[in-house]
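One structure below.
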Amino acid sequence: MKLTLIAVGHKMPGWVNEAFAEYQRRFPPDWPFALKELKPETADSAAQTKAREADKILAAVPKDALLVTLDERGRDLTTKALAQQLERWQLDARPVAFVIGGTEGLDERVKAAAHFSLRLSSLTLPHMLVRVLLAEQLYRAWSVLAGHPYHRE
Ligand SMILES: C[S@@+](CC[C@H](N)C(=O)[O-])C[C@H]1O[C@@H](n2cnc3c(N)ncnc32)[C@H](O)[C@@H]1O
């Protein structure tokens with residue numbers, strides 16, 4: 001299953017790139033996990049910023065991909081439920097694209113295009129940490145499905 005993370009934010013601090021890369025490199029060849037970083041927009045209003053970023057996000061979604069937004073207002077899943085959800089998406093034989101918004105969050109157009117909205121916590125998290133947490137949780141979900149000892153019940 002092809003996974004892509006579309007993240008608004010570039011020029012991340014070294015510790016973010018290092019932590020993300022640590023999990024990214026663990027994915028097996030049949031679960032390639034790609035990162036597409038988008039340069040944040042600056043506009044006169046938050047609405048304009050989000051609208052411009054939405055254009056770039058929607059253009060970056062791979063063809064036929066299922067779109068999953070990361071959103072503090074989304075659904076929270078247990079590790080097992082996330083693994084089961086990924087298994088269902090795998091059966092759909094479609095790539096999955098996860099989206100993390102920038103400082104202002106995600107535009108309604110991106111939210112409306114999403115097949116699923118995933119919450120990692122009820123707290124508002126900084127996008128840099130969401131990137132790392134998502135990579136770890138997806139790797140953990142893969143380990144559940146693969147029976148790999150990384151995840152212990
Ligand atoms: C700093 S937050 C933006 C907060 C923004 N005010 C909002 O209302 O979404 C940047 C991005 O991180 C992600 N994010 C933040 N907290 C999250 C959480 N608890 N669960 C999932 N994603 C989260 C979302 O994709 C969000 O667009």
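Order of listing sets the numbers, starting from 1, for every ligand and every atom in it.
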With only distance considered, is Gly101 within less than 3.5 Å of ligand 1 through an N or O on each side?
yes

Would one find an N or O of Arg73, backbone or side chain, under 3.5 Å from an N or O of ligand 1?
yes

Is there any N or O on Leu125 that sits under 3.5 Å from an N or O of ligand 1?
yes

Flag the pair Asp107 and Arg52 as a salt bridge only when some basic side-chain nitrogen lies within less than 4.0 angstrom of an acidic carboxylate oxygen.
no

Sole residue of Asp71, Val61, Ile57 in side-chain contact (heavy atoms from CB on, under 4.5 Å) with Val110:
Ile57

Can you check whether Leu123 has an N/O within less than 3.5 Å of an N/O in ligand 1?
yes

CG on Leu134 to CG on Leu82, rounded to 0.5 Å:
8.0 Å

What do you reckon, does Leu134 put a non-hydrogen atom under 4.0 Å from ligand 1?
no

Could you list which atoms of ligand 1 come closer than 4.0 Å to a heavy atom of Thr103?
3 (C)

Could you tell me if the side chain of Glu104 sits less than 4.5 Å from the side chain of Glu41, heavy atoms only?
no

Write out the residue and atom name of the closest protein heavy atom to atom 24 (C) of ligand 1, then the distance separating them to 0.1 Å.
Leu70 O, 3.0 Å

May I ask you to decide whether Arg131 forms a salt bridge with Glu37, counting only side-chain N to carboxylate O separations under 4.0 Å?
yes

Close-contact set for ligand 1 against Ser121 heavy atoms, below 4.0 Å:
18 (C), 19 (N), 20 (N)

Is there a polar contact between ligand 1 and Gly105, counting only N or O atoms under 3.5 Å apart?
no

Leu118 neighbourhood, listing ligand 1 atoms whose heavy-atom distance to it stays under 4.0 Å:
21 (C)

Could you find the nearest protein heavy atom to atom 14 (N) of ligand 1 and give me its residue, atom name and distance?
Val130 CG2, 3.6 Å

Give the residue, atom name and distance (to 0.1 Å) of the protein heavy atom nearest atom 21 (C) of ligand 1.
Asp71 N, 3.4 Å

Side chains of Tyr150 and Glu136: do they bring a donor and an acceptor to under 3.5 Å?
yes

May I ask you to identify the nearest protein heavy atom to atom 20 (N) of ligand 1, giving residue, atom name and distance to one decimal place in Å?
Leu120 N, 3.0 Å

Does Gly102 have a non-hydrogen atom less than 4.0 Å from ligand 1?
yes

Salt-bridge contact Arg119-Asp76 (side-chain N to carboxylate O under 4.0 Å)
yes

Would you say Leu138 and Trp31 make side-chain contact, with heavy atoms under 4.5 Å?
no

Should you measure from each heavy atom of Ile100, which atoms of ligand 1 turn up under 4.0 Å away?
12 (O), 25 (O)

Determine whether more than 12 heavy atoms belonging to other residues, nucleotides or ligands lie under 6.0 Å from atom CD of Glu18.
no

Arg119 N/O under 3.5 Å from ligand 1 N/O:
no

Say you draw a straight line from CZ of Phe33 to CZ of Phe98; how long is it, rounded to the nearest 0.5 Å?
7.0 Å

Should the proximity of Thr69 to ligand 1, defined as any heavy atom under 4.0 Å, be assigned to the side chain, the backbone, both, or neither?
neither

Value rounded to 0.5 Å, distance of CG in Leu70 from CG in Leu5:
7.5 Å

